[in-house]
Amino acid sequence: MNKLSKKSIALVVACLSLAFGAGCSKQEDSSKAEAPKQQPATASAEVSNNATTSAAVSTAPAHKYDSPAVVNNVSSLRPKTALDAQAYPVEMAKAETTDRRSGRAYPMQPPVIPHKIDGYQIDQNVNQCMSCHGRTKTEKSGAIMVSVTHFMNRDYQVLSEISPRRYFCTQCHVEQKTPSNLIENEFLEAHQVSSASDGGSQ
Amino acid sequence: MNWIREFLSRVSKPATSLSLGVLTVGGFVAGIIFWGGFNTAVEVTNTEQFCIGCHEMKTGPYKELKQTIHYSNRSGVRASCPDCHVPHEWSAKMGRKMAASKEVWGKVFGTINTPEKFEAKRRQLAEHEWARLKANNSLECRNCHAAESMDFTKQEKRARDAHRDFLLTGQKTCIDCHKGIAHKLPSMKGVNEWQ
């Protein structure tokens, strides 16, 4: 029994290894044969991808660890910075303190704040903006009173003070800053859009 | 009771065996030690580390201070608790220290030992400080910020105009306008000049 079983196991192992080996070689053959066919297909896909998406995809990484800024339209939090390098952030822009009203880019734009608001407290206890911009404070402070729209509740009923829904000034109003890394855009004001459609005539 | 009577009778009589030299020199040396020790102990209580030794101060006012310009700023000069809350002049300092025994009472009985209790007392505590600074013409502010040393040309126009009209004319003192510069403000309902 023992001798027989040993022989049979050896046979089975031999058969299996033969069969496996043959299979592997077959696979290699097929992959070799298919490889040249696949290459042109992927190349054409890349070309079409470049044509449709932004140029960032086609820029070659300068370092072997560099990842492009956008891969498959997914932006990374660490774009183009090598793993062993530290990126330096752009300089933080300072708030403009001109104390002069600046224009509005579109009719409903909340006016920007032309002064610093560091540490201004706006919470349940107090709204420090209102210590100058409140209705009863403007005479002394010389500041601009908040728009009367801010006194209305949602039923357009005008209150004597700012409505609770307009309480948190910095939800809409921000300091004016001019950072160095502004992103270009093609924003047009309403009157510019209409003049453009008129063929440039005002 | 007997030992008290004996002590008093001994103290009220002149020393019999000690020389005048020992008494005067010894008294002088002991005076230096006790006076120095007293001042050292007072100065220990006059440090920020002492103030934030209690969790009430560390988690409340000190945490708020850390977000303000008096803690972190471009020139790296910073004000610690006693710079604003304790007068520098000796007699006024002793007066403040005696008044601060109320704070020991508060600590022992836990009057502000939770954020909720502190918030409930915030207006009252703030009013104490406003009244103190108003009464001494913002002395602690002026230990660093002297009107004579202010370069108005380097100030924003808003600040320049306000300082010219109110600070230089003596109409107002620092704390009148600069409330809540180092800590969060309480509800300002009914406070003069506020909503």
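Proteins come first, then strands; the chains are lettered A, B, ... in the order of their sequence lines, and each starts at number 1.
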Check whether B:R122 gets within reach of chain A through its side chain, its backbone, both or neither, counting any heavy atom under 4.5 Å.
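Contact with chain A involves the side chain of B:R122 alone.
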Check whether B:Q67 gets within reach of chain A through its side chain, its backbone, both or neither, counting any heavy atom under 4.5 Å.
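No part of it gets close to chain A.
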Where does A:D123 contact chain B at under 4.5 Å (heavy atoms): side chain, backbone, both or neither?
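Interface part for A:D123: side chain.
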Counting only heavy atoms closer than 4.5 Å, note whether A:T136 contacts chain B via side chain, backbone, both or neither.
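Interface part for A:T136: neither.
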Measure the shortest side-chain to side-chain distance between B:E48 and B:R78 over non-hydrogen atoms and say whether it is less than 4.5 angstrom.
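The answer is yes, as the side chains (C-beta and beyond) meet within the 4.5 Å cut-off.
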Mind checking whether B:W105 and B:F109 have ring centres under 6.0 Å apart?
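Ring-ring flag for B:W105/B:F109: true, centres closer than 6.0 Å.
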Does atom CD (B:Q124) have a neighbourhood of more than 12 heavy atoms from anything else shown, all under 6.0 Å?
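Buried by this count: over 12 neighbours within 6.0 Å.
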Check B:K179 with B:E127, please: is the shortest side-chain N to carboxylate O separation under 4.0 Å?
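The answer is no: the pair does not qualify as a salt bridge.
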